[in-house]
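Letters A, B, ... mirror the listed sequences (proteins, then strands); counts begin at 1.
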Amino acid sequence: MSWAPVYALVKQIPRGRVLTYGGLARLLRLPGGARTAGRAMAATPRGQGIPWHRVVGEGGRLLVPDRYVSLQRKLLESEGVAFTELRVNLQRHLWAGLLAKKSPAKRKTPRKPREK
DNA sequence: CATCTGACGACCG
DNA sequence: GCGGTCGCCAGAT
C-alpha cells in the first residue's frame, strides 16, 4: 500500500484548517478506515512540506505521540487554529465542510456481548 | 512464517 | 465522562 494519495490530500489542506483521520479515510476510501490514515501519518516523511499537523483525531483531539503534541499545537495556533481545552475547534476549522456534527451512525452488525 | 505494535474510531458497561 | 474491546492492516521483530 502506498501512502502517496494520503500525503497528496494532506498537502491540500489549507492553512488554518484541519482534517480528521476518519475524514481522510472516508475521502480516500482507505481500506481499514481511520487507522489506515493514522498509519500513513505515522510514516510521514519529513522535509517534503507535508502539513502533518493539520490532521487531528475525531473531536479535534491531538493524537500524535506525546513528544510531538506541543509542536503540533504550536504549529496550528501559529496558523490561527483555535483550541478549546485540548481540542481543535472543529466547528471553525474543519476542512471542506465535513461538519463537526456527529451523525449517530447506527451499527448494522450488533456487537457480540463481552465475556466477563 | 508467527507475533506484536500502533498518529483511529465506534461501541459497551 | 472513563476505561476496555473490536475490526483493520502495514511494518518491525
A:W52 side chain, from C-beta outward: closest of B:dA10, B:dC8, B:dA7: B:dA7

Minimum-distance nucleotide to A:V64 side chain [options: C:dC9, C:dG7, B:dA7]: B:dA7

Rounded interatomic separation in angstrom, taking [atom1] from [X] and [atom2] from [N]:
X     : N      : atom1 : atom2 : result
A:R35 : C:dA10 : CZ    : P     : 13 Å
A:M41 : C:dC8  : CE    : P     : 23 Å
A:L30 : B:dA7  : CG    : C1'   : 14 Å
A:L9  : B:dA7  : CG    : C1'   : 16 Å
A:M1  : C:dC8  : CE    : P     : 15 Å
A:R46 : B:dA7  : CZ    : C1'   : 14 Å
A:W3  : C:dC9  : CH2   : C1'   : 8 Å
A:R61 : C:dG3  : CZ    : P     : 12 Å

Touch class at under 4.0 angstrom, heavy-atom based, for A:G33 against every strand present: nothing

C:dC9 base / A:R39 side chain donor-acceptor hit below 3.5 Å: yes

Charged tip of A:R35 within 45° of A:Y21 ring normal and under 6.0 Å: no

Side-chain donor-acceptor contact under 3.5 Å, A:H53 with A:E79: yes

Side chains of A:L19 and A:R54 in contact at under 4.5 Å (non-hydrogen atoms): no

Side chain to side chain, A:T44 and A:W3, heavy atoms closer than 4.5 Å: no

